[in-house]
Amino acid sequence: RRLYRTNPAIAKYSTDDVARCARRIAAFMLLCGRSSVYVENSRTPEKTELTPDDVTRTWPGSTEAAIGSDLLLLTLQTPLFTMRGLDHAVFYHQILAEALAAEFLGHLPAIQQIELLSKRDPFGRYIEPPLAEVAAWLAIDSAEFRAHVMEHDPSVLLRGDIAGLTAQEKAGLVDRLLANARDEQFFYDRPPNERRYYHGLRHPGLAKQLRAYIGNKAANIIVRRLAVTIAGACRSYDNLPEVLASLAGPVDIGFQGTGA
């Protein structure tokens, strides 16, 4: 309201217009590897800065409503952003940028979502690490994209809200995580904050899935540690006998600190 009072010319824009502009800024910043928006015209922009022209540019055939420079400046003055120095703005929090970028991408076909957020190497497709949080947000609402991530880079889903997945989807995600660990394609020593999301994997058939690995001394240590970690995070007490039995073996499968 303060902005509208001080500049009546921008009163034609609604909060939906501001949100649309913010989503576009967020998507362009994260997809292009930019960290801020340059808001002046007094110097050559740095390679890490998004320019007003980048945001307001239109493309032939695009059905998206145009974003003018006045809407851009209005958006940058909202609490979504904060100024760093005198001539460039950044999102107030990285989570805002990631969530808004996911909303922007949610309007695109799944094939474009996949192309923008993933790469391919000789071993297959994977989500680009800097875009993993965006992919996790997008996967919440995009079933087709979620299925792609589940198949090619399932650990990315742990960064999002997996509590809303169906029991069948949770079972499929656990299967994929354990299979990757079994095949030594899963790096177990992730940052500790990622482990707190394992609790969302709880579903009726979880104990049976984990039992096949926790007590299997022929399985590699990576998959057994992962299975114990999931069991602890999900309070899968039905797996307690296998966990306790594993402690009697000669190999430490990382029981300590798992919460089991």
Side-chain angles (χ1 to χ4, degrees), residues 114 117-129 132-133 135-140 143-260:
I114 293 169
L117 294 176
S118 65
K119 293 290 186 181
R120 184 189 296 276
D121 64 16
F123 300 99
R125 276 200 173 272
Y126 62 94
I127 299 297
E128 288 196 78
E133 303 289 348
W137 278 100
L138 179 59
I140 294 174
E144 192 171 350
F145 181 75
R146 181 167 66 247
H148 169 84
V149 178
M150 181 92 73
E151 179 179 357
H152 296 282
D153 203 349
S155 64
V156 167
L157 295 179
L158 298 176
R159 299 170 181 261
D161 182 12
I162 58 175
L165 299 182
T166 65
Q168 183 178 0
E169 287 177 317
K170 290 180 181 181
L173 178 53
V174 172
D175 276 339
R176 291 297 303 170
L177 292 171
L178 292 172
N180 282 2
R182 179 197 63 207
D183 299 336
E184 300 183 357
Q185 296 177 358
F186 180 87
F187 184 57
Y188 175 78
D189 292 323
R190 295 294 184 97
N193 64 332
E194 187 166 306
R195 296 185 184 179
R196 64 189 173 126
Y197 296 111
Y198 286 135
H199 75 274
L201 293 171
R202 184 168 188 156
H203 66 89
L206 180 62
K208 182 178 180 180
Q209 285 181 291
L210 301 179
R211 186 171 294 122
Y213 292 97
I214 294 175
N216 183 2
K217 296 184 180 181
N220 69 55
I221 193 171
I222 298 174
V223 69
R224 294 182 70 195
R225 282 178 174 173
L226 177 60
V228 169
T229 300
I230 295 174
C234 295
R235 298 295 188 264
S236 182
Y237 298 116
D238 289 344
N239 291 120
L240 189 57
E242 296 90 49
V243 173
L244 293 176
S246 70
L247 295 178
V251 177
D252 175 16
I253 66 170
F255 175 78
Q256 293 84 358
T258 63

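Values below: every heavy atom of this structure, side chains too, minus hydrogens, waters and symmetry copies.
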Q | Arg176 (side chain) donor-acceptor with Glu151 (main chain) under 3.5 angstrom | A | yes
Q | Spatial distance of atom CG (Asp175) from atom CD (Gln209) [nearest 0.5 Å] | A | 4.5 Å
**Q.** Nearest heavy-atom neighbours spanning Leu117 and Ala135
**A.** CD1-CA, 4.1 Å
Q) What distance separates Leu226 CG from Leu178 CG, expressed to the nearest 0.5 Å? A) 5.5 Å
Q) Roughly how far apart are Ile162 CD1 and Tyr198 OH, rounded to 0.5 Å? A) 9.5 Å
Q: For residues Ile127 and Ala132, report the shortest heavy-atom separation together with the two atoms involved.
A: CG2-CA, 3.9 Å
Q: Specify the closest pair of heavy atoms between Ala227 and Tyr213, including all atoms of both residues, with the distance to one decimal.
A: CB-CB, 4.1 Å
Q) So, for Val156 and Ala136, which heavy atoms are closest and what is the spacing to 0.1 Å? A) O-CB, 3.7 Å
Q) Side chains of Asn216 and Val223: closer than 4.5 Å at any heavy-atom pair? A) no
Q) Is there side-chain contact between Tyr126 and Lys119, with at least one heavy-atom pair below 4.5 Å? A) yes
(Q) Are Arg146 and Leu157 packed together at the side-chain level, in the sense that at least one heavy-atom pair is separated by less than 4.5 angstrom? (A) yes
Q. Looking at CG of Asp153 and OG of Ser118, how far apart are the two atoms once the value is rounded to the nearest 0.5 Å?
A. 9.0 Å
Q. About how many Å separate CZ of Arg202 and CZ of Arg235, when rounded to the nearest 0.5 Å?
A. 9.0 Å
Q: Check whether any side-chain heavy atom of Leu138 sits under 4.5 Å from a side-chain heavy atom of Val149, and report yes or no.
A: no
Q | Reported NZ-to-NE2 distance for the pair Lys170 and His203, which is rounded to 0.5 angstrom | A | 8.5 Å
Q: Give a yes or no answer on whether the side chain of Arg182 reaches the backbone of Asn220 with a donor-acceptor pair at less than 3.5 Å.
A: no
Q. Of all heavy-atom pairs between Ile214 and Ala231, which one has the smallest distance, and what is that distance?
A. CD1-CB, 4.2 Å
Q: Determine whether Leu206 and Asp238 make a side-chain contact, defined as any pair of heavy atoms from C-beta on separated by less than 4.5 Å.
A: no
